[in-house]
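Note sheet for the following structure.
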Amino acid sequence: MLAAVATLLTGCSANWGWYVVDPTKSAGQTNLLFLIGGLKFTILLSVVSILISVVIGLLIALAGLSSSRFLRTVNRVYVEIVRSIPLLVLILWVYYGLPQLIGLNLGAFSAGVIALALGDSAFQAEIFRAGIQSVGRGQLEAARSISLSYWDTMRYVVLPQAIRHILPALGNQFVYVLKMSSLVSVIGMQDLTRRANELVVTEYRALEVYSVLVLEYLVLILIVSAGVRWLERRMRADERE
Amino acid sequence: MTELVTETVIEVCDVVKTFGDFRALDGVSMDVAAGEKIVVCGPSGSGKSTLIRCINRLESHDAGRITVEGIELTDQSADQVRREVGMVFQQFNLFPHLSVLRNLTLGPMRVRGLTQADAEARAMEYLGRVRIPEQAGKFPNQLSGGQQQRVAIARALCMEPRIMLFDEPTSALDPEMIAEVLDVMAELAVSGMTMIVVTHEMGFAKRVADRMVFMDAGEIVETAPPEQFFSAPATRRCQKFLQQILGH
């Protein structure tokens with residue numbers, strides 16, 4: 001698709017510099033490979049962040065549903081504060097500020113993961129809370145009536161049902177994290193966006209390079225969305241005849 | 001049935017339960033002997049469901065004392081009590097994402113520590129007793145209401161409780177499926193299980209009950225063996241109720 005668009009546009013106007021990303025030219029190939037090289041960092045960063053954010057989010061959600069008032073307060077304070085901080089600001093604070101606070105040096109990747117995971121976890125917490133609350137009370141009562149422990153009830157009865165309900169929202173969050181991962185380019189992380197920025201600086205062809213960047217994210221996210229939809233369909237099929 | 005002194009397995013003593021301003025249970029006392037079948041009936045809002053839900057701590061009583069199998073019922077002892085008391089709900093409450101077999105083996109494996117093989121063997125035995133062993137691999141939404149309720153009964157039985165509570169087990173069923181569930185319950189009764197059944201099925205009650213309990217407005221108004229209860233109800237409230245319910 002990339003090649004088709006690039007070839008089409010190369011023929012359109014001589015004033016544009018599509019040659020920098022023309023896959024039929026060797027310079028274009030080198031540049032394209034350089035740009036695509038950022039993909040592994042984008043994906044790795046996003047996947048690690050969302051895995052951590054899901055775990056934190058689930059724990060915060062369970063705290064929010066607890067009978068302990070202290071835990072419920074922890075939930076509210078955490079969610080309100082984290083949701084109020086713009087992600088870019090959080091990234092800058094974690095990368096530049098946090099090391100001074102804890103005396104530990106953080107690489108761009110670690111800082112990026114921490115910031116993304118924290119930033120996303122508040123949304124995950126709200127999504128899990130809604131999902132868990134959507135599981136009917138009868139399910140909890142049935143679990144209690146056969147003496148299942150709290151953790152067994154969560155693990156075998158409530159969460160499997162909750163996750164089926166919230167899968168679309170979880171998929172959305174994954175897409176959100178993939179897009180927001182572009183912000184870590186500002187702290188030097190070699191993701192897709194950073195690579196594009198660096199190429200623009202050397203080749204001076206902003207339109208062409210950034211257009212490829214747009215296409216990269218578009219393709220990546222379309223694939224992820226399709227994957228999430230496939231997973232949803234499969235989960236629903238499991239419960240059907 | 002021989003007239004032996006049988007042990008009391010449930011003691012309910014002056015129990016009060018309020019929801020806000022509403023007194024659902026207003027000083028209820030009742031003793032249940034081992035192997036006894038009690039049918040609790042009464043109009044809507046009389047407290048019958050609340051009473052049995054207090055017995056397995058799905059609701060916590062506000063005053064009075066409940067003792068099950070010699071254990072006084074508190075938040076701390078609730079788990080221990082629930083292992084001996086099985087419950088069947090009006091809405092079945094099967095776990096929809098698990099197969100019938102898994103619905104039955106989850107409790108025994110996680111709570112009683114059975115191996116998967118033992119739990120499955122037990123599950124198949126009880127599925128046989130409720131007459132649907134061939135449905136083991138299906139999911140709840142593939143079964144009829146009557147089959148689902150029988151699976152729910154089997155699930156409770158798999159924990160091998162000494163007492164079974166039934167909260168209007170046939171009220172959510174289409175009429176043609178009520179009989180299959182009541183038959184299973186009648187067989188369970190014959191096998192010696194201690195049962196408390198909240199139900200409007202008076203035919204079943206006449207067949208199976210050792211004692212009828214009539215509740216109204218949070219109180220036990222009348223309790224008597226079925227022959228006496230149905231032929232000569234002592235209180236006017238009970239007479240009126242029976243007229244309404246047996247009228248059609």
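Sequence lines set the chain letters: A, B, ... in the order given, protein chains first and strands last, and positions in each chain run from 1. Keep in mind the model is a prediction, meaning the values are calculated, not measured.
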- Task: Decide if atom CZ of B/R65 counts as having more than 12 heavy atoms of other residues, nucleotides or ligands within a radius under 6.0 Å.
- Result: no
- Would you give the length of the straight line joining atom NE2 of B/H97 to atom CD of A/Q139, rounded to the nearest 0.5 angstrom? 7.5 Å
- Item | B/F89 versus chain A, the contacting section by heavy-atom distance below 4.5 Å | side chain
- Check each atom of B/D79 against the heavy atoms of chain A and say whether the ones under 4.5 Å are side chain, backbone, both or neither. both
- Task: Go through the atoms of B/L98 and report whether side chain, backbone, both or neither lie under 4.5 Å from a heavy atom of chain A.
- Result: side chain
- Item | Heavy atoms from other residues, nucleotides or ligands near CZ of B/F19 exceed 12 (cutoff 6.0 Å) | yes
- Task: Evaluate side-chain contact (heavy atoms from CB on, under 4.5 Å) for A/I146 paired with B/V111, printing each intermediate quantity in order.
- Result: CA-CA 8 Å; A/I146 55 172; B/V111 179; 5.9 Å; no
- Message: Please classify the contact of B/R102 with chain A as side chain, backbone, both or neither, using a heavy-atom distance under 4.5 Å.
- Response: side chain
- Look at atom CD of B/E134 and say whether more than 12 heavy atoms of other residues, nucleotides or ligands are closer to it than 6.0 Å. yes
- Task: For each of B/M87, B/R110, B/R53, B/R83, tally heavy-atom pairs with chain A at distances under 4.5 Å, and name the one with the top tally.
- Result: B/R110
- Hey, what do you get for CG (B/L58) to CZ (A/R137), rounding to the nearest 0.5 Å? 8.5 Å
- Task: Can you tell which part of B/V88 gets under 4.5 Å to a heavy atom of chain A, answering side chain, backbone, both or neither?
- Result: neither
- At a heavy-atom separation under 4.5 Å, does B/E59 approach chain A through its side chain, its backbone, both, or neither? side chain
- Message: Once salt bridge (charged side-chain N to carboxylate O under 4.0 Å, His left out) is applied, do any residues pair with B/E180, and if so which ones, sequence neighbours excluded?
- Response: B/R150
- Output for pair (B/R112 CZ, A/S147 OG), nearest 0.5 Å, gives 7.5 Å
- Residues A/A142 and B/F95: closest non-hydrogen pair is CB-CE2, 3.9 Å
